[in-house]
Protein chains: 2
Amino acid sequence: MLSYTEENYLKALLMLSFQNETRPEAGTNEMAAHLGVKPATATDMLKKLKEKNLVTYQKYGKILLTEEGKKNGITILRKHRLWETFLYEKLDFSWDEVHEVAEQLEHIQSPKLVNKLDEFLGFPEFDPHGDPIPKANGEMPSFEKTLLSELTAGETGKVTAVKDTSTLFLQYLEKLNITIGTNIKVLELIDFDGSLNIQIENAPNRSVSMKFAGSLYVKR
Amino acid sequence: MLSYTEENYLKALLMLSFQNETRPEAGTNEMAAHLGVKPATATDMLKKLKEKNLVTYQKYGKILLTEEGKKNGITILRKHRLWETFLYEKLDFSWDEVHEVAEQLEHIQSPKLVNKLDEFLGFPEFDPHGDPIPKANGEMPSFEKTLLSELTAGETGKVTAVKDTSTLFLQYLEKLNITIGTNIKVLELIDFDGSLNIQIENAPNRSVSMKFAGSLYVKR
DNA sequence: TATATTTGTTAGGTAAGTCTAACTTTTATA
DNA sequence: TATAAAAGTTAGACTTACCTAACAAATATA
């Protein structure tokens, strides 16, 4: 049985491994920052997780989840994303409100609850941010990871997910009426600053920054 | 902000105050037993709760919730019973499975969640065991507290709630096809051992014990 | 490559919530 | 009412998860 805190460390490690596509290892400081604790605290926990065979690492080395650790991390991520979907779809929470509450709900222990919730929601494949929800067997639905910024002038993309899930970005998206499924046409690329002129569905044209375009995933 | 543990103590005290209708005070041992901790632990926590003005008590004296403590306890009870209702009604949990999971869910911090959940469930007044769900303002829906054992021969009662929520009893009720709303007619009272012959809806007559009849609330 | 910077570890400490064992107060009963 | 039993408290210890400060190793850079 894992403690609340241990679960959080495993999830953090899993998330970091997704972020660094090529090298799935994480560092102590990186991990501590992600969890909002001091590096010394992370070192302590790492020893504990190693003891329990959930991570492999040695002093001053990189941290890697074991199969067991990864399995546990995925279970927590599954719960997190299912709860986010529940809050968004059934209880009318907004895009930027779901995360905080799901952070708590993901720790509820009841395999039956998770699977019943999954069923109740109709076995969704993606959460409200477009992130894939791990299935009961641990598989992750895959999706095209094209960024809006990778499109060329004239191309149209349908929003599939957000890369940045910060409140500021999510609220900005809501203001622009962009949600999962929205079609965006790239009209012009501005070489000077990397910004681009786009058309969101049938709304008037507007310009968005390079940072913005690098935070949205689309499907061509 | 209350800790997970503090919340549990407040809820326990509230429950004990309901049990002892006439004298709402509780004792240290009683409270410890209810929470599954040793009396020494309860004493420690009591000091802390007193410090926070959530209970009034003095050494070797009886424990009483303050208004503030009661308010907090009711909030937790409200969450507990709403979640039980959710699990039972929406996720097909059985009568005896809801409690354990609701014990965890009741600690999720999000006023918005509670109220949205309440709305989603259609503002239910009673939980799956027939216990009243405190409203957002703290009010408790009231109901007739007649026990099946108080009926006389010939009278019929409609089940409104269970007094005993043990797994054994709940599973027995399920076996007998008794649920909230079921009509039970008392056919005969056996003075010898307090047992009674009853008819459950249209099922064949059967005999139940005094203990059984003292664990079911009905409405005449 | 020597040194400065970054990254990670160790040692020692704190707070919450739990325990056991010994003690004190209150209550029940002979 | 004296005493035995029950109820409640205190002291000291443990575990988990966190911290700060000092130190050690690894990496980057002059």
Side-chain angles (χ1 to χ4, degrees), chain A residues 1-13 16-17 19-20 22-65 69 72-73 76 103-104 106-107 109, chain B residues 1-13 16-17 19-20 22-65 69 72-73 76 103-104 106-107 109:
Chain A
M1 177 97 313
L2 299 171
S3 73
Y4 193 102
T5 312
E6 286 168 341
E7 289 194 342
N8 278 143
Y9 278 82
L10 293 180
K11 195 185 61 160
L13 250 10
L16 289 172
S17 82
Q19 265 172 46
N20 313 337
T22 46
R23 39 167 191 93
E25 335 86 0
T28 305
N29 285 1
E30 195 182 4
M31 189 172 143
H34 196 272
L35 287 158
V37 298
K38 298 286 141 144
T41 308
T43 300
D44 284 350
M45 181 55 83
L46 245 19
K47 287 183 197 160
K48 210 170 129 194
L49 294 177
K50 189 187 176 179
E51 206 53 50
K52 291 194 173 186
N53 275 303
L54 295 165
V55 302
T56 55
Y57 107 111
Q58 47 216 32
K59 257 205 214 179
Y60 298 104
K62 288 296 175 185
I63 309 152
L64 212 52
L65 285 171
N72 278 285
I76 300 153
E103 285 285 302
Q104 298 178 61
E106 73 191 9
H107 299 289
Q109 304 292 159
Chain B
M1 178 100 310
L2 298 172
S3 74
Y4 192 103
T5 312
E6 286 167 341
E7 290 194 343
N8 278 141
Y9 278 82
L10 293 181
K11 194 184 61 159
L13 286 170
L16 289 172
S17 81
Q19 264 172 47
N20 313 339
T22 44
R23 40 166 192 94
E25 336 86 358
T28 304
N29 285 1
E30 196 183 4
M31 189 173 143
H34 196 272
L35 287 157
V37 298
K38 299 285 143 149
T41 308
T43 300
D44 284 350
M45 181 55 83
L46 244 20
K47 286 183 197 161
K48 210 170 128 193
L49 293 176
K50 189 186 175 180
E51 206 53 49
K52 291 194 173 188
N53 274 303
L54 295 164
V55 303
T56 55
Y57 108 112
Q58 47 217 31
K59 257 206 213 178
Y60 298 104
K62 288 295 174 185
I63 309 152
L64 213 50
L65 286 170
N72 278 285
I76 300 154
E103 285 284 302
Q104 299 178 61
E106 74 193 8
H107 299 288
Q109 304 290 162

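Residue numbers begin at 1 in each chain, while the letters A, B, ... track the order of the sequences.
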*If we only count heavy atoms from C-beta on, is the B:His107 to B:Leu2 side-chain gap below 4.5 Å?*
no
*Using a cut-off of less than 4.0 Å, is there contact between a side-chain N or O of B:Thr43 and OP1 or OP2 of D:dG8?*
no
*For B:Thr28, which contact category applies under a 4.0 Å heavy-atom criterion: base, sugar-phosphate, or nothing?*
sugar-phosphate
*Looking across every strand, which nucleic acid part, if any, lies under 4.0 Å from A:Tyr4 by heavy atom: base, sugar-phosphate, or nothing?*
nothing
*asked:* Less than 4.0 angstrom between a side-chain N/O of A:Lys47 and OP1 or OP2 of C:dT10, yes or no?
replied: yes
*Just do the side-chain contact (heavy atoms from CB on, under 4.5 Å) check on A:Glu106 and A:Asn8 with the steps written out, would you?*
CA-CA 10 Å; A:Glu106 73 191 9; A:Asn8 278 143; 3.4 Å; yes
*Can you tell me the distance, in whole Å, between the NZ atom of A:Lys59 and the P atom of D:dA26?*
10 Å
*Hey, does A:Thr5 reach any base, or is it just sugar-phosphate, or nothing, if we go heavy atoms under 4.0 Å?*
sugar-phosphate
*asked:* Measure NZ/B:Lys62 against P/D:dT9 and give the value in whole Å, please.
replied: 10 Å
*Lys/Arg N to Asp/Glu carboxylate O, A:Lys62 vs A:Glu30, below 4.0 Å*: no
*NE2 of B:His34 versus P of D:dG8: gap in Å, rounded?*
15 Å
*Tell me whether the OP1 or OP2 atom of C:dT7 has a side-chain N or O from A:Tyr57 closer than 4.0 Å.*
no
*Are any non-hydrogen side-chain atoms of A:Leu46 and A:Met31 less than 4.5 angstrom apart?*
yes
*B:Asn29 CG to D:dG8 P: how many Å, rounded?*
5 Å
*Could you state the atom-to-atom distance from CE of B:Met45 to P of C:dT18 in whole Å?*
6 Å
_If I take atom OH in residue B:Tyr9 and atom P in nucleotide C:dA16, what distance separates them, rounded to the nearest angstrom?_
14 Å
*Please report, rounded to the nearest Å, how far the C1' atom of C:dT7 is from the CE atom of A:Met31.*
14 Å
*Run the numbers on B:Glu6 and B:Leu54 for side-chain contact (heavy atoms from CB on, under 4.5 Å), then give the verdict.*
CA-CA 10 Å; B:Glu6 286 167 341; B:Leu54 295 164; 5.8 Å; no
_Closest-nucleotide mapping onto DNA chain D: is A:Tyr60 or A:Asp44 further toward the 5' terminus? I mean the 5' end._
A:Asp44
*A:Ala40 vs A:Ser3, nearer the 5' end of DNA chain D by closest nucleotide*: A:Ser3
*Go through C:dT9, D:dC19, C:dC19 for me and flag the one nearest to the A:Lys38 side chain.*
D:dC19
